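Just so we're clear, the structure is a prediction, and the values are computed from it rather than from any experiment.
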Amino acid sequence: FETQETTLTYVMVGEVPEEPAPAGPATGTFTDVPDAAYYAQPVEWAVEQGITTGTGDGTTFSPDIYCTRGEIITFIWRASGSPAPTGPIPYVDVGPDNFYTDATVWAYEQGMANEGFFDPDYSCTRAMAVEFLWKQAGSPETAVTTQFTDVAPDASYAQAVAWAVEQGITTG
């Protein structure tokens, strides 16, 4: 979708398969991302865009590890060009020297999160990630209704999920 400064392309994949990633040679960037993995191209794209540098010493991506809210909001912030926030930290659980500090303040300034607690170390669900993206897009209304049996029509994130389907971000 369009922002004022950048056109962003978001790639969200379906459920993590129960089987491990296919064996084979790893991508040129990470030793744990086989070229045949369904997520190999999106990972390479994210590296090329400066959205991620991997985990640990930068030779691994850790594709089977869940992301935290701090990590997801940092990915979105980096995809948006890492804009400098203008205000103070509005969260009691975000310190001034965390890797996600600027990203969380920016998210607050964009209306993507409320002040108080951000819970940066909490696991980020698919619904949370989609809701962050939807809010960044301006919380647009959509005519599409969610077709998913696990998303109630009155869920706080139902419009975000419907928007993500409409935008081709997810298919469930």
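With hydrogens and angles ignored, the 3.5 Å screen pairs a side-chain donor or acceptor of Thr68 with a backbone N or O of Glu71. Checking side-chain atoms of Trp134 against main-chain N and O of Pro140 turns up a donor-acceptor pair under 3.5 Å. A donor-acceptor contact shorter than 3.5 Å is absent between the side chain of Gln110 and the backbone of Ala107.
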Criterion side-chain contact (heavy atoms from CB on, under 4.5 Å) on Tyr39 and Val33, from CA distance to verdict: CA-CA 8 Å; Tyr39 51 83; Val33 179; 3.8 Å; yes

Audit row: Glu141, Trp163, side-chain contact (heavy atoms from CB on, under 4.5 Å) steps and yes/no: CA-CA 7 Å; Glu141 291 289 324; Trp163 170 83; over 6 Å; no

Stepwise side-chain hydrogen bond (donor to acceptor under 3.5 Å, both in side chains) check, Ser80 with Gln136: CA-CA 10 Å; Ser80 299; Gln136 184 191 25; 2.6 Å; yes

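When all heavy atoms are compared, the tightest approach of Val105 to Gly87 is CG1-O, 3.7 Å. Residues Pro153 and Ala158 come closest through the heavy atom pair O-CB, 3.5 Å. Nearest heavy-atom pair, Phe75 versus Cys67, reported as atom, atom and distance to 0.1 Å: CE1-SG, 3.9 Å. Counting all heavy atoms, side chain and backbone alike, Tyr108 lies closest to Ala113 at CD1-O, 3.4 Å.
Applying the side-chain contact (heavy atoms from CB on, under 4.5 Å) test to Cys124 and every residue at least two apart in sequence or in another chain returns Arg69, Ile72, Met128, Ala129, Phe132. In this structure Thr52 satisfies the side-chain hydrogen bond (donor to acceptor under 3.5 Å, both in side chains) test with no other residue, sequence neighbours excluded. Partners of Thr53 by side-chain contact (heavy atoms from CB on, under 4.5 Å), not counting sequence neighbours: none found. Residues passing the side-chain contact (heavy atoms from CB on, under 4.5 Å) test with Ser82 are Trp77, Arg78, sequence neighbours excluded. Under the side-chain hydrogen bond (donor to acceptor under 3.5 Å, both in side chains) criterion, Ser123 pairs with no residue, sequence neighbours left out. Every side-chain contact (heavy atoms from CB on, under 4.5 Å) that Gln49 has, sequence neighbours left out, goes to Trp45, Ile51. Applying the salt bridge (Lys or Arg N to Asp or Glu O under 4.0 Å) rule to Glu131 yields the partners Lys135; only residues at least two apart in sequence or on another chain are considered. With sequence neighbours excluded, the residues forming a side-chain hydrogen bond (donor to acceptor under 3.5 Å, both in side chains) with Asp57 are Thr59, listed by chain and number. The side-chain hydrogen bond (donor to acceptor under 3.5 Å, both in side chains) search around Glu109 returns Thr86, not counting sequence neighbours.
Using a 4.5 Å heavy-atom cutoff, the side chains of Val165 and Thr171 are not in contact.
With rounding to the nearest 0.5 Å, the separation of CH2 in Trp106 from OG1 in Thr74 is 10.0 Å. Atom OG1 in Thr55 sits 6.5 Å away from atom CG in Asp32 (nearest 0.5 Å). We find the CG-CD distance between Asp154 and Gln159 to be 12.0 Å, quoted to the nearest 0.5 Å.
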Side-chain donor-acceptor pairs under 3.5 Å in residues 114-121, sequence neighbours left out?
none

Check residues 94-103 and write down every donor-acceptor pair under 3.5 Å in which the side-chain atom is one partner and the other belongs to a residue at least two apart or another chain.
{"residue": "Asn98", "atom": "OD1", "partner": "Gly95", "partner atom": "N", "Å": "2.7"}
{"residue": "Asn98", "atom": "ND2", "partner": "Tyr100", "partner atom": "OH", "Å": "3.4"}
{"residue": "Thr101", "atom": "OG1", "partner": "Gly95", "partner atom": "O", "Å": "2.5"}
{"residue": "Thr101", "atom": "OG1", "partner": "Asn98", "partner atom": "N", "Å": "3.1"}
{"residue": "Thr101", "atom": "OG1", "partner": "Asn98", "partner atom": "O", "Å": "3.0"}

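A continuous path of ILVMFWY side-chain contacts below 4.5 Å connects Phe61 to Tyr38, so both sit in one hydrophobic cluster.
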